[in-house]
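Predicted, not measured: the structure shown is a model, and the values here were computed from it. Side chains included, hydrogens not; waters and symmetry mates left out as well; all remaining heavy atoms used. Residue numbering restarts at 1 for every chain, and letters A, B, ... go by the order of the sequence lines.
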Amino acid sequence: MPEEESHLEAERRAKIARLRSAGIDPYPPAFPDRRPSREVVAIAAALAEGQEDAGRSLRVAGRLGTIRTHGKTSFADLVDGDGAIQLIWRSDALGEEAYRRALADLDPGDLIGAEGAAARSRRGEPSLVAHRIVLLAKAIAPPPEKYHGLQDPEERIRRRYVDLLSSEESRHRFRFRAEIVRAMRGHFSDAGFLEVETPILLPVAGGAAAAPFVTRSRYLDQELQLRIAIELALKRLLVGGLERVFELGRCFRNEDLDTTHSPEFSMLEAYWAYADYGEMRRLTEELFARLARRAVELAPEREAVRASAARFEPPYPTLDFVDALERASGLSGVLEMTADDLRRHARAIGATVPDASPAGVFLDKLFEHYVEPTIDHVTFVVDHPAITTPLAKRHRAKPGRVERFEIFYRGFELGNAYTELNDPDEQERRFQEQLHAQAADRYAYDADFVEAMRFGMPPATGIGLGVDRIAMALWGTESIKDVLLFPQTRPRSAPPS
RNA sequence: GGGCCCGUAGCUCAGUCGGCAGAGCAGGCGGCUCUUAACCGCAAGGUCAGGGGUUCGAGCCCCCUCGGGCCCGCCA
């Protein structure tokens, strides 16, 4: 609540006082039996210009947009959930007193209900001729400028409600995201995967290499971490006999925010017993094709969505990690190179990772530099060198490789899948190797997970999909903040004391 | 973490060479029965992000701080 209000807000408070003294509640409890503006627009659109469907009374409710006063007739725009309709206020239809009061007491941004007849204006605009207008909630803060809306990117994020109420594009974008999430969930459900919910608060956050957020349980008198991945919980469920499981939920990584990274982000992880990464690839390709179709259904008028959807359609190119890297870089024999060789090549392209990094880090840097920029269509990068990927199963045919695919799209990663490691002794060994190779604060040793695997985890494949990034990619935006309702921001600076 | 850029009325934006703080929208008052970024007239609206400095004089020049954007780095 701002401490000082503008004169605009003082005017609006004065109107509230005026209404109350006239016995009108500026915040009544409900407005039943309303119709979506779209329905009324459809009825009105069937009429001739200037014609009014006086036979039935219809009710609409929403936010008041611009008011165009024109003497004894005025026009006002009413915006509701996914549409808008023009209201015609006429002195003769409303009564002189009600007409005068509407103009005096209502402002853009107020929530109102209107009852009246569908009509088309003489200029042809589908409208509702109001016979009654009811204030449903007086807005004290004025809405942004009617034509440009809220432009300041900082304000659009900090006060998302203002962005949403003033921007149909923004409302559409978040409905779009929600429907993409629904389609992703539906795809795995339809394929027989059980949707589960596993803990976010953990004694130790594992399943990925990332810095966790740390918190504390007063009850347990113990430090807890917020999960960085869902993987280890879901694999425990495979051990427990749940053969196809997935979870779509928030993960948290205590790292910087940029256009493709948010400290909290949504992942969909799915694990499938007795299947391998080839089967997961088929399921994933069906998902991407489904998402491409759905995106176009949801936003057929958006050129950026049609362009993205085209890049999400099959067939999907496959790039063998090693072949693609060697072809693009001119290097050869990368699998046989020593860590020193790889570091030298990585240095040559300007990578600035520490000298002591595991050799796989240098390979990843080389791939990023030489191959990723060439990827445009959704592409499956497969069969990575084993040294880049400690948690996947060794490739059954290609020595030195693992059974893995990553899904790339225009410079960023959308998903990552393996044939999962299920040998508890090898799992233990790889955990130990990681522990020695990486900074201890970036690595979690989950002893209970190894214990679970000792009871027998079926051969399985698993995938992790970046939900926010998929929504970004399909909508055609460059920034993850565009698909997060409330991205993290620093607190506003405190006023000087 | 480094570089560049931005912050002026509730909102969208101008502000020249350092010389009285501007417009449009929104709001107030008046006019108009078919407008749709309605239109016409009048009046009002400012901690120029915050702090410090230079100067006769700072929105403008310099320094610091805060917030944001873009690029790079980090994030295997």
Quote, to the nearest angstrom, the [atom1] distance that separates [N] from [M].
N: B/U16; M: B/G22; atom1: C1'; answer: 13 Å
N: B/G28; M: B/C72; atom1: P; answer: 48 Å
N: B/G1; M: B/G59; atom1: C1'; answer: 32 Å
N: B/C70; M: B/U55; atom1: C1'; answer: 35 Å
N: B/G24; M: B/C61; atom1: C1'; answer: 31 Å
N: B/C60; M: B/U54; atom1: P; answer: 15 Å
N: B/C32; M: B/G68; atom1: C1'; answer: 45 Å
N: B/A21; M: B/C25; atom1: P; answer: 24 Å

Return the pairing partner of [N] with a 3.5 Å limit on both distances, Watson-Crick or G-U wobble; otherwise return none.
N: B/C42; answer: B/G28
N: B/G22; answer: B/C13
N: B/C4; answer: B/G69

Next item on the list: Between A/Arg68 and A/Glu368, name the one whose nearest nucleotide on RNA chain B is closer to the 5' end.
Entry: A/Arg68

Notebook entry, point to check: In terms of the nearest nucleotide of RNA chain B, which residue is placed more toward the 5' end: A/Glu145 or A/Arg90?
Noted result: A/Glu145

Notebook entry, point to check: Considering the options A/Arg160, A/Arg159, A/Glu154, which one meets the side chain to side chain contact (heavy atoms under 4.5 Å, CB included) requirement together with A/Ile157?
Noted result: A/Arg160

Next item on the list: Please work out if A/Gly109 contacts a base, only the sugar-phosphate, or nothing of the nucleic acid, heavy-atom cut-off 4.0 Å.
Entry: nothing

Next item on the list: For A/Leu150, answer base if it contacts any base atom (sugar-phosphate contacts may also be present), sugar-phosphate if it contacts only those atoms, and nothing otherwise; contact means non-hydrogen atoms under 4.0 Å.
Entry: sugar-phosphate

Check the phosphate of [N] against [X], side-chain N and O only, distance under 4.0 Å to OP1 or OP2. Yes or no?
X: A/His70; N: B/C34; value: yes
X: A/Lys365; N: B/C74; value: yes
X: A/Lys72; N: B/C34; value: no

Can you tell which of [options] lies closest to the side chain of [X]?
X: A/Leu8; options: B/C11, B/C74, B/G10; answer: B/G10
X: A/Lys15; options: B/G67, B/C11, B/G28; answer: B/G28
X: A/Pro153; options: B/G24, B/G68, B/A26; answer: B/G68
X: A/Glu11; options: B/U36, B/G28, B/G31; answer: B/G28
X: A/Asp107; options: B/U36, B/G68, B/G27; answer: B/G27
X: A/Asp256; options: B/C74, B/G24, B/G27; answer: B/C74
X: A/Thr69; options: B/U36, B/C39, B/U33; answer: B/C39
X: A/Lys481; options: B/C70, B/G69, B/G10; answer: B/G69
X: A/Phe75; options: B/C13, B/G68, B/C34; answer: B/C34
X: A/Asp258; options: B/A37, B/C74, B/C11; answer: B/C74

Find the distance [X]:[atom1] to [N]:[atom2] and express it as a whole number of Å.
X: A/Gln151; N: B/G68; atom1: CD; atom2: C1'; answer: 15 Å
X: A/Arg158; N: B/G7; atom1: CZ; atom2: C1'; answer: 12 Å
X: A/Arg159; N: B/G67; atom1: CZ; atom2: C1'; answer: 14 Å
X: A/His148; N: B/A37; atom1: NE2; atom2: P; answer: 13 Å
X: A/Leu103; N: B/A26; atom1: CG; atom2: C1'; answer: 15 Å
X: A/His7; N: B/A26; atom1: NE2; atom2: P; answer: 12 Å
X: A/Leu165; N: B/C11; atom1: CG; atom2: P; answer: 13 Å
X: A/His369; N: B/C72; atom1: NE2; atom2: P; answer: 12 Å

Notebook entry, point to check: Just by distance, do the side chain of A/Arg18 and the backbone of A/Ala104 share a donor-acceptor pair under 3.5 Å?
Noted result: yes

Check: For the side chain of A/Arg120 and the backbone of A/Leu47, is there at least one donor-acceptor N/O pair under 3.5 Å apart?
Finding: yes

Check: If you measure from the Lys or Arg side-chain nitrogens to the Asp or Glu carboxylate oxygens, is any gap between A/Glu426 and A/Arg430 under 4.0 Å?
Finding: yes

Next item on the list: Determine the sole option in A/Glu269, A/Glu247, A/Glu420 for which the salt bridge (charged side-chain N to carboxylate O under 4.0 Å, His left out) test with A/Lys235 is passed.
Entry: A/Glu420

Item checked: Cation-pi check, A/Arg302 onto A/Trp475 ring (under 6.0 Å, within 45° of axis) -> yes

Note to self: If the test is ring-ring contact (aromatic ring centres under 6.0 Å, His included), which one of A/Tyr418, A/Phe380, A/Phe321 qualifies with A/Phe405?
What the structure shows: A/Phe380

Note to self: Can you tell me if A/Glu96 has over 12 outside heavy atoms packed within less than 6.0 Å of its CD?
What the structure shows: no

